[in-house]
Amino acid sequence: MTKHLHYETPLYQSFRHSSGTKKIYYKMEALQPSASFKLRGVGLLCQNLAEKGARKFVIASGGNAGLAVAYSAFALGLQSHVIVPESSSDAMKLKIKELGAELTVKGKSWAEAHEYALLISEETDCAYVHPFDHPLLWEGHSTIVEELAKTIEAPDYIVLSVGGGGLFCGIMQGLEKVGWNNTKVICAETEGAASLAKSLAAGHQITLESIDSIAGSLGAKRIADKAWELAQSENVIPYLCSDEAAMLACRDFLDEYRIVTEAACGAALSVLNSDLIADAKTVVFIVCGGAAMSAETLLNLH
Ligand SMILES: *Cc1c(COP(=O)(O)O)cnc(C)c1O
């Protein structure tokens, strides 16, 4: 198979948050050319579909998954069609179009846009790409852990954000691949997008009635079945933060590394201020990134 579409990303040791006894690392997925880790899985899936003959991809996403599909098509010299719900921002639509994707606004919610994307894939020769629920997406995301294993020993904790759980599935599979069986995984969500935490609390997979959070990229009402299955591991720890805590964590990160991230990523970064990792020796934060943060929103925080 040809070379992958994602880039290997740096693993920085935080100068602000590490101490004599504690090492805090950032895995810089914000530096992927599509601004998030999504390119790892989406890139692998699109390459695979292209090898099977696909010449055009379709996805429902007004966010980073849509951007990753548009980028993958661009990098492969193929075409893409991105369906975004009416709620999508003009800035994200522009970024998707800049990559040469065909863009259609359809439906009030992601679910409606998704129905339409499925219809297009049935009626045309567009190959359908799901934003978080496909084994090849998880395999692509699992390369994050393989890269980590090239430079560090098994960390005590890996901290990541959970939307539909695609990143989580990938990290869990990566941990298994490299044999890091004792690493705990902290799954961060904002309170208004807590599809994983509420499922764990209920003891069964639930569907949220609505999403009420600034962290749009975490706004999946229901996590993937595979994510629910993997969340049964005793190494998995749910974590909830407020929108405000997520935004403040984005601002702190901007201040430390001059890199803008979305609130979805800030949710994970907010764990820096939590007691959960108080006694840890090594913690890796997946800085998942995101293209949807405007400078105005971030700089107007008080
Ligand atoms: C997609 C995304 C998430 C959530 O990933 P899932 O695989 O849906 O759990 C988190 N942060 C950012 C920036 C994203 O783009």
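If you read the sequence from its start, that first residue is 1, and numbering goes on from there. Indexing begins at 1, ligand by ligand and atom by atom, following the structure's order.
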- Task: Would you please say whether a donor-acceptor pair under 3.5 Å links the side chains of T282 and E153?
- Result: no

- Are H130 and F132 near enough that their ring centres are under 6.0 Å apart? yes

- Query: Would you call the rings of Y71 and F74 parallel, tilted or perpendicular, where under 30° means parallel and over 60° means perpendicular?
  - Reply: tilted

- for atom 11 (N) of ligand 1, nearest protein heavy atom and its distance come out as C288 SG, 3.2 Å

- Among all protein non-hydrogen atoms, which one is nearest to atom 8 (O) of ligand 1, and what is the separation to 0.1 Å? G164 N, 2.8 Å

- Treat each ILVMFWY residue as a node, draw an edge where side-chain heavy atoms are under 4.5 Å apart, and state whether L254 and M247 are in one component. yes

- Query: Counting from 1, what ligand 1 atoms have a heavy atom of L218 closer than 4.0 Å?
  - Reply: 10 (C)

- Note on the structure: The atoms of ligand 1 lying under 4.0 Å from a heavy atom of N64, numbered in the order shown, are 13 (C), 14 (C), 15 (O)

- Task: Give the contacting part of I223 toward ligand 1: side chain, backbone, both or neither, where contact means a heavy-atom distance below 4.0 Å.
- Result: neither

- Note on the structure: The closest protein heavy-atom partner of atom 4 (C) of ligand 1 is G163 N, 3.6 Å

- Task: Indicate, as side chain, backbone, both or neither, the part of K38 found under 4.0 angstrom from ligand 1 when only non-hydrogen atoms are considered.
- Result: side chain

- Message: What I want to check is whether the side chains of E29 and Q32 have a donor and an acceptor closer together than 3.5 Å.
- Response: yes

- Looking only at protein heavy atoms, which one is nearest to atom 13 (C) of ligand 1, and how far off is it? G289 O, 3.3 Å

- Using 4.0 Å as the upper bound for N to carboxylate O, is an ion pair formed by D252 and R16? no

- Protein contact to atom 5 (O) of ligand 1 [nearest heavy atom, distance to 0.1 Å]: F37 CZ, 3.5 Å

- Applying ring-ring contact (aromatic ring centres under 6.0 Å, His included) to F253 and not counting sequence neighbours gives Y26, Y257

- Task: For ligand 1, indicate whether the residue F168 contacts it via side chain, backbone, both or neither (heavy-atom separation under 4.0 Å).
- Result: neither

